[in-house]
Amino acid sequence: MTEHFAVFQSSDGADALEKVKQQVYDLVILDIGLPDIDGRELCRMLRKQGVKCPIFMLTGHDAGSDTLLGLDAGANDYITKPFKFTILLARILAQLRQHEQSEDAILYPWPLYF
């Protein structure tokens with residue numbers, strides 16, 4: 001199932017911000033512990049730049065307050081490490097299905113995932 005995803009990664013927050021300016025993404029997954037910026041702050045910046053796609057926080061910060069801060073920053077979901085890949089994939093697909101129904105979705109003439 002994962003072969004239907006095109007994955008792009010960034011080395012840090014600055015690189016991620018630059019990539020988002022150049023292309024529209026279906027989903028963003030962020031860690032909190034980025035080398036140059038807190039992932040929650042990057043999430044806020046992405047939302048301010050108009051990023052409408054689902055954003056996941058995938059991190060080892062597992063306190064309840066961390067979850068609240070991540071969701072408050074604009075994340076759609078907050079997943080802590082360690083995690084089961086099948087659960088992550090199910091949550092990604094659920095968010096993509098929901099986003100596809102919104103007016104902000106960019107629909108392609110072929111399925112990007114199954």
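Residues Asp15 and Gln9 come closest through the heavy atom pair OD2-O, 4.1 Å. The two residues Lys81 and Gly60 have their closest heavy-atom pair at CD-N, 4.0 Å. When all heavy atoms are compared, the tightest approach of Phe83 to Thr80 is CB-O, 3.6 Å. When every heavy atom of Ala73 is checked against every heavy atom of Cys43, the shortest pair comes out as O-SG, 3.6 Å.
Within the structure, the ring-ring contact (aromatic ring centres under 6.0 Å, His included) test picks out the following pairs touching residues 23-44 (sequence neighbours left out): Phe8-Tyr25.
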Evaluate the side-chain contact (heavy atoms from CB on, under 4.5 Å) criterion for residues Val51 and Arg47: first the C-alpha distance (whole Å), next the side-chain angles of each, then the deciding distance (0.1 Å), finally the verdict. CA-CA 5 Å; Val51 172; Arg47 292 300 189 207; 4.2 Å; yes

Going through the distances and angles, do Asp12 and Ile37 end up as a side-chain contact (heavy atoms from CB on, under 4.5 Å)? CA-CA 8 Å; Asp12 56 34; Ile37 189 170; over 6 Å; no

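Here the CZ-CG distance, from Arg91 to Leu96, works out to 13.5 Å after rounding to the nearest 0.5 Å. From Ser10, atom OG reaches atom CG of Leu30 across 9.0 Å, with rounding to the nearest 0.5 Å. Of the inter-residue distances, the one linking Ile29 atom CD1 with Ile92 atom CD1 reads 4.0 Å to the nearest 0.5 angstrom.
A side chain to side chain contact (heavy atoms under 4.5 Å, CB included) with Asn76 holds for exactly one of Val28, Leu71, Ile55; it is Ile55.
In the hydrophobic clustering of this structure, Ile32 groups with Leu17; members are Ile, Leu, Val, Met, Phe, Trp, Tyr whose side-chain heavy atoms approach within less than 4.5 Å, directly or through other members. When hydrophobic clusters are built by joining Ile, Leu, Val, Met, Phe, Trp and Tyr residues whose side-chain heavy atoms come closer than 4.5 Å, directly or via intermediates, Leu27 is not grouped with Ile87. Note: the hydrophobic cluster containing Leu58 also contains Val7 (ILVMFWY, side chain heavy atoms under 4.5 Å, direct or indirect links).
Looking at Asp38 and Arg44, no side-chain N of the basic residue comes within less than 4.0 Å of a carboxylate O on the acidic one, giving no salt bridge. Comment: Asp66 engages Arg40 in a salt bridge, judged by a side-chain N to carboxylate O separation of less than 4.0 angstrom.
Among residues two or more places apart in sequence or in another chain, the side-chain contact (heavy atoms from CB on, under 4.5 Å) test is passed with Gln22 by Glu18. Qualifying ring pair (Phe, Tyr, Trp, His ring centres under 6.0 Å) partners for Tyr78, counting only residues two or more places apart in sequence or in other chains: none.
A distance-only check finds no donor-acceptor pair linking the side chain of Lys52 to the backbone of His99 [under 3.5 Å]. No donor-acceptor pair closer than 3.5 Å links the side chain of Asp77 to the backbone N or O of Phe56.
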